[in-house]
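Sequence lines set the chain letters: A, B, ... in the order given, protein chains first and strands last, and positions in each chain run from 1. Given the structure is predicted, the values throughout are model-derived calculations rather than measurements.
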Amino acid sequence: MQRYNHKKIEAKWQKVWLTKKAFLAKDFSKKPKKYILVEFPYPSGAGLHMGHLRPYVAGDVYSRFQRMRGYEVVFPIGWDAFGLPAENYAIKMGVHPSITTAQNVKNAKKQMLSWGLSFDWSREINTTDPNYYKWTQWLFLQFYKKGLAYEATGLINWCPKDKTGLANEEVIDGKCERCGTVVEKKELRQWYLKITAYAEKLLEGLKNLPEWPSAVKLQQENWIGKSVGAEISFPVIMSGYNQRRHSEGAQPTEESLKPNFLILHGRNGSPDSHLFPWIKSELENKGFKVQAPLMPNTQEPDDEEQAEFVLKNCKMDENTVIVGHSFGGVVALRLLEQGVRIKKLVLVSTPFSGKFLDNKPRPSVTKACKKGFDFKKIKQNAKQIGLLFDTSDYVVPMSDGESFAKNLNVPLVKARGQEPHFSGLKEPEVLSSIIPSIKVFTTRPDTIFGATYMVVAPEHPIIENSKLKIENWEDVQKYIESSKKKSEMDRSSEGKEKTGVELKGIKAINPATKEDIPVWVADYVLWGYGTGAIMAVPAHDERDFEFAIKYNLSITDVISKPEEVRMISVAIPPVPYVGPGVLKNSGEFSGMKSEDAIPKMAAAFGKATTQFKLRDWVFSRQRYWGEPIPIIHCPKCGIVPVPEKDLPVKLPNVKKYEPTGTGESPLAAIDKWVNVKCPVCKTSAKRETNTMPQWAGSSWYWLRYTDPKNKKSFADLKKQKYWTPVDVYFGGMEHTTLHLLYSRFWNLFLYDQGLVSSREPYSKRKPHGIILGPDGEKMSKSRGNVVNPQHIVASHGADTLRMFELFLGPHEDTIAWNDKSVVGVKRFLDRVWNYTNISNYVDSKVTDERVSNALHKLIKKITEDIESFSFNTSISAFMSFLKEVYKTNEELIESKSASEREIGKKNIIALGLPITKKDLKKFFILLYPFAPHVSEELYQLIGGKKTLQLEKWPEYDEAKIIDETVEIVVQINGRIKGKLIVDTGSGQDQVSAQALELEAVKQALVNEIVKRTVFVPNRLINFVV
RNA sequence: GGGGACGUGGCGGAAUUGGCAUACGCAUCAGCUUUAGGAGCUGACGCCCGCAAGGGCUUGUGGGUUCAACUCCCACCGUCCCCACCA
């Protein structure tokens, strides 16, 4: 008998599988498909570790099982190879990332093959392959075309060590997800993907994923963070005088007289289009007089002609506020140049340079702009000037706004319009630039009568915009500075005592009570959520209460607590009541219940809205080793996408990769690459030098697997239709609010574009628990507790490694590494080997009934366990089975011939109960998904001709599972008194009679009357006395 | 502070429409075999009392429902994960 040589047989079968291409998945096969996916790895220099093994082995067991069950299975793999480690290594060693990546891929692939994983290697992909990232770039451009990829300057998370911006999802406890450095805030120009536009769909979609664990769904739900409430504007009034002398001519300005409004539309506009009807009615509802003339020659307007027209037809005085939208702003400026004196001028997206981002000619506008402006006169004739520009404008550049701001010496307000160029039907930003107000989001509009003060976040533009009116500007500025620093510190360790400073000189009006209330700046209000401002209701909000107590702000109770709450809350010190109740001190709403008042009051004072915690996805990184963002910046045309025919935009091969730390990518220093001709106008332009985040390539990779070689599209729709959605996706819990959310977003978007065939990418998600080091700590190189799986492959073999890993515990549980039981699994496989090699049993004509019974039970158990991913109990079941059929048995030894008996006794070789080849084969099929190499080898040994992969999964016979007799537990009052062996299916009368004969039962029932008998067939009988 | 998962021998763990708690494996002990080591084989192995027969206790703690609770309900204690001043 040969010894079980794992090295030899594993190498042999791995070669057979490769050369026979045993695991190739066939497109459009007649069989039903199963798409089984594991998260593709980042090929690091350290190789694959136990953390990779777990989902891969689980996926492999599942794939091999499903192939034998008659499915066309695709089980693909690839490499998520862009990212920081390769780049950091390149910086340190001077080796190009593409070289280290190729080496690491080679090594990791070798490991995977050594584990016997049944991947379809013909579908292997690599995110750093230009043939792959061409399509990542192409997909990015689809987002851009639909306005879901945009460029904006904002305060973003910045890792000072990796010198790159980070997405919200990549910041864990205020630290960089990659390197653990405390993240800073930095103002940077960034690309964003507008994932917030899909917040509702991402949330809705979760409802149609019944096979996702609720923990995963809940975590995504919390991350998206929907809350329903109301948006309410609080008008802001400023004291009548500028407190700070900001220029020579500053004069005290009376503001008590009511303003009137003149609205001038732009080119191709009319007072009946876009935002104008809405603005007009909003202003008129507040009791203001509004003029909104239809200008002459709107197609190709002439600024002088239109100014003359306004002078002739409109009334203007020192209380007039002129609002000029786009070209209307140019006309307004002409009016002031001609000596019209007004109260306030508001320019909304008004052109200055005469150049446009979309590069379309607008000769009349350009001509008007080229004349220039007399800013000195304009400043003299308008007491106040406001500037509002749209960050998503694709016609009028932001630099025009900056030019106005510089020449007029007034702050520029940058805001995002509902539509680009503030051309939506309602544009609240425009309205608030005309009459300043602070917009708040609240989930409790029913408490508005209790709003006794307001708080804005330190970043709130109202502060900068009303700089000149704020009396205690130094204090305010000092506070803003200190809170900026605070956010860089580890705030969790500090007590969260609230601090703030009142903005003196400005007041807000509570729209419900009409009272003046103070406005504070405090960093307990976050700029990143809602509107960055709150109405503070100290009586009914814990944070507002704490703040009000500290700064002695007034507290108005507007909710009557329910009786039962009042009874138990005799709290000292007093606490705010935050629950619902009945309104009081709330004017006409007094007496209503919170739930009824909320929608009514939301409508009365503002409008019902929904807020999400989800932020837009910061999609650019200032690093080398990533997909270049396929965009060109042209001084004439602005942002120009790289034409599809020019994709991919390849990463240049360079010697220096160091991040600059300036917020520019290292690519910016490569002149030859950066300088290009604009694809539209052919003038000198520059490439976008930021690269995409690591999550880009993985946001669509499962689609590429369906059609990995396609040169014409990212994946043929017919092939997608056959393979997608993914049936089971194995992966880590840590990706729940990263990759898993991002890729759902991409898929939902592409589905809306008709580019993918299934709405959701993954039908079932199967997360796995992490494997801790032997010390119970998370495995990491720095702790030195990393376990290399290759050691076990070498010492005990891949089959042992696989089964051992599965045997550690339930797939979802976190487990500490403990390699002591490796030998237990190896012993088991040795015994399987030995059992098979006792040839006389292999040659049996019949299978022993005990074996047959055990085998059919095993078929049932393994089938059910794989389907429910309970791999650990499968391994137990195999061991129990072998124990049943393979043991030293005196009776068995006696039945042998004398010489055999002698051998048997002398070597104490355990002997097996008889089993036929046919049944033994069934056992090998069951074992095959778990220990494929040894199963193949043993099957061949007993005469098998083809790979087990082509065999059919066995069915179990219900009749063979039923035991002839069963043990029945006899209880009195639920306490065990004895046991009985009876025929399976025995009735109560028979069992009861036998049970009452038991000595222990007889004794216990002396002087007792059985009141009731509980009988569970084949299980127990319980006498209640 | 909010949300979620969980708590069973010396250890990893098994058992859920409520029905023999501790399967399977590791470790430990004893026996056989072996020149030895190892491997293999056989057996014991939750805790307490007892020479034994036997008895009592036991699934984080306390209560409840039930003929019967690891399993269901309530309260508490503890561990882990996620989010965290989210208006």
Item to complete: Check the side chains of A:Thr984 and A:Asp963 for a donor-acceptor pair under 3.5 angstrom, ignoring hydrogens and angles.
Response: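 No - no donor-acceptor pair under 3.5 Å links their side chains.
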Discussion item. For a quick check under 3.5 Å, do A:Ser227 and A:Tyr529 share a side-chain donor-acceptor pair by atom type?
Written reply: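 A donor-acceptor contact under 3.5 Å links the two side chains.
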Distance check needed: [N] [atom2] versus [X] [atom1], whole Å only.
X: A:Trp527; N: B:C86; atom1: CH2; atom2: P; value: 18 Å
X: A:Glu221; N: B:A84; atom1: CD; atom2: P; value: 16 Å
X: A:Leu882; N: B:G25; atom1: CG; atom2: C1'; value: 14 Å
X: A:Lys498; N: B:G1; atom1: NZ; atom2: P; value: 13 Å
X: A:Phe545; N: B:A87; atom1: CZ; atom2: C1'; value: 17 Å
X: A:Trp833; N: B:A39; atom1: CH2; atom2: P; value: 21 Å
X: A:Arg1012; N: B:A68; atom1: CZ; atom2: C1'; value: 10 Å
X: A:Leu829; N: B:C24; atom1: CG; atom2: P; value: 18 Å

Practice prompt. Using a 90° cut-off around 0 for syn, call B:G9 syn or anti.
Written response: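 Syn conformation here, the glycosidic angle of B:G9 being no more than 90° from 0.
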Look through every strand shown and name the nucleotide pairing with [N] as Watson-Crick or G-U wobble, where both distances are under 3.5 Å.
N: B:A21; result: none
N: B:U65; result: none
N: B:A27; result: none
N: B:G37; result: none
N: B:G9; result: none
N: B:C76; result: B:G60

Taking only side-chain nitrogens and oxygens of [X], does any of them come within less than 4.0 Å of OP1 or OP2 of [N]?
X: A:Arg831; N: B:C41; result: yes
X: A:Arg827; N: B:G40; result: yes
X: A:Arg444; N: B:C86; result: no
X: A:Ser227; N: B:A87; result: yes

Worksheet, complete the sentence: Reading nucleotides 9-23 of chain B from 5' to 3' and marking B where a protein heavy atom lies under 4.0 Å of the base, S where only the sugar-phosphate is that close, and - otherwise, the string is ---BSS----BBS-B
Please give the distance between the [atom1] atoms of [N] and [M] as a whole number of Å.
N: B:G25; M: B:G9; atom1: C1'; answer: 14 Å
N: B:A27; M: B:U79; atom1: P; answer: 31 Å
N: B:C72; M: B:C83; atom1: P; answer: 28 Å
N: B:U59; M: B:C47; atom1: C1'; answer: 13 Å
N: B:G63; M: B:U71; atom1: P; answer: 14 Å
N: B:C20; M: B:G4; atom1: P; answer: 32 Å
N: B:G56; M: B:G19; atom1: C1'; answer: 23 Å
N: B:U8; M: B:U58; atom1: C1'; answer: 10 Å

Discussion item. Just to be sure I understand the rule, does A:Val525 reach a base, reach only the sugar-phosphate, or reach nothing, if contact means heavy atoms closer than 4.0 Å?
Written reply: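 Contact class for A:Val525: base.
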Worksheet item: Heavy atoms under 4.0 Å, any strand shown: does A:Lys613 hit a base, just sugar-phosphate, or nothing?
Response: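 Base contact - A:Lys613 has a heavy atom under 4.0 Å of at least one base atom.
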Discussion item. So A:Ile463 and A:Ile480, do their side chains get closer than 4.5 Å, heavy atoms only?
Written reply: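 Yes, at least one pair of side-chain atoms sits under 4.5 Å.
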Discussion item. Do A:Phe881 and A:Lys857 make a side-chain contact, defined as non-hydrogen atoms from C-beta onward lying under 4.5 Å apart?
Written reply: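 No; the side chains remain at least 4.5 Å from each other.
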Item to complete: Using the six-membered ring wherever Trp is involved, compare the ring planes of A:Tyr453 and A:Phe547 and label them parallel, tilted or perpendicular (cut-offs 30° and 60°).
Response: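 A:Tyr453 vs A:Phe547 ring planes: parallel.
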Under 3.5 Å, which donor-acceptor pairs do the side chains of residues 1014-1025 of chain A form with other protein atoms, sequence neighbours left out?
from      : atom 1 : to       : atom 2 : distance (Å)
A:Asn1018 : OD1    : A:Gly985 : N      : 2.8
A:Asn1022 : OD1    : A:Asn973 : N      : 3.3
A:Asn1022 : OD1    : A:Gly974 : N      : 3.0

Fill in: A:Ala215 vs A:Ile534, nearer the 5' end of RNA chain B by closest nucleotide
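It is A:Ala215, whose closest nucleotide lies nearer the 5' terminus.
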Discussion item. Both A:Tyr524 and A:Ser214 contact RNA chain B. Which one's nearest nucleotide lies toward the 5' end?
Written reply: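 Nearer the 5' end of the strand: A:Ser214.
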Worksheet item: For the ring pair A:Tyr742 and A:Trp223, is the centre-to-centre distance below 6.0 Å?
Response: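 That pair fails the under 6.0 Å test.
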Item to complete: Kindly give the heavy-atom pair with the smallest separation between A:Met50 and A:Ile771, and that separation in Å.
Response: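 Heavy-atom minimum between the residues: O-CD1, 3.9 Å.
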Enumerate donor-acceptor pairs with a distance under 3.5 Å from any side-chain N or O in residues 606-614 of chain A to protein atoms, sequence neighbours excluded.
from     : atom 1 : to       : atom 2 : distance (Å)
A:Thr609 : OG1    : A:Glu231 : N      : 3.4

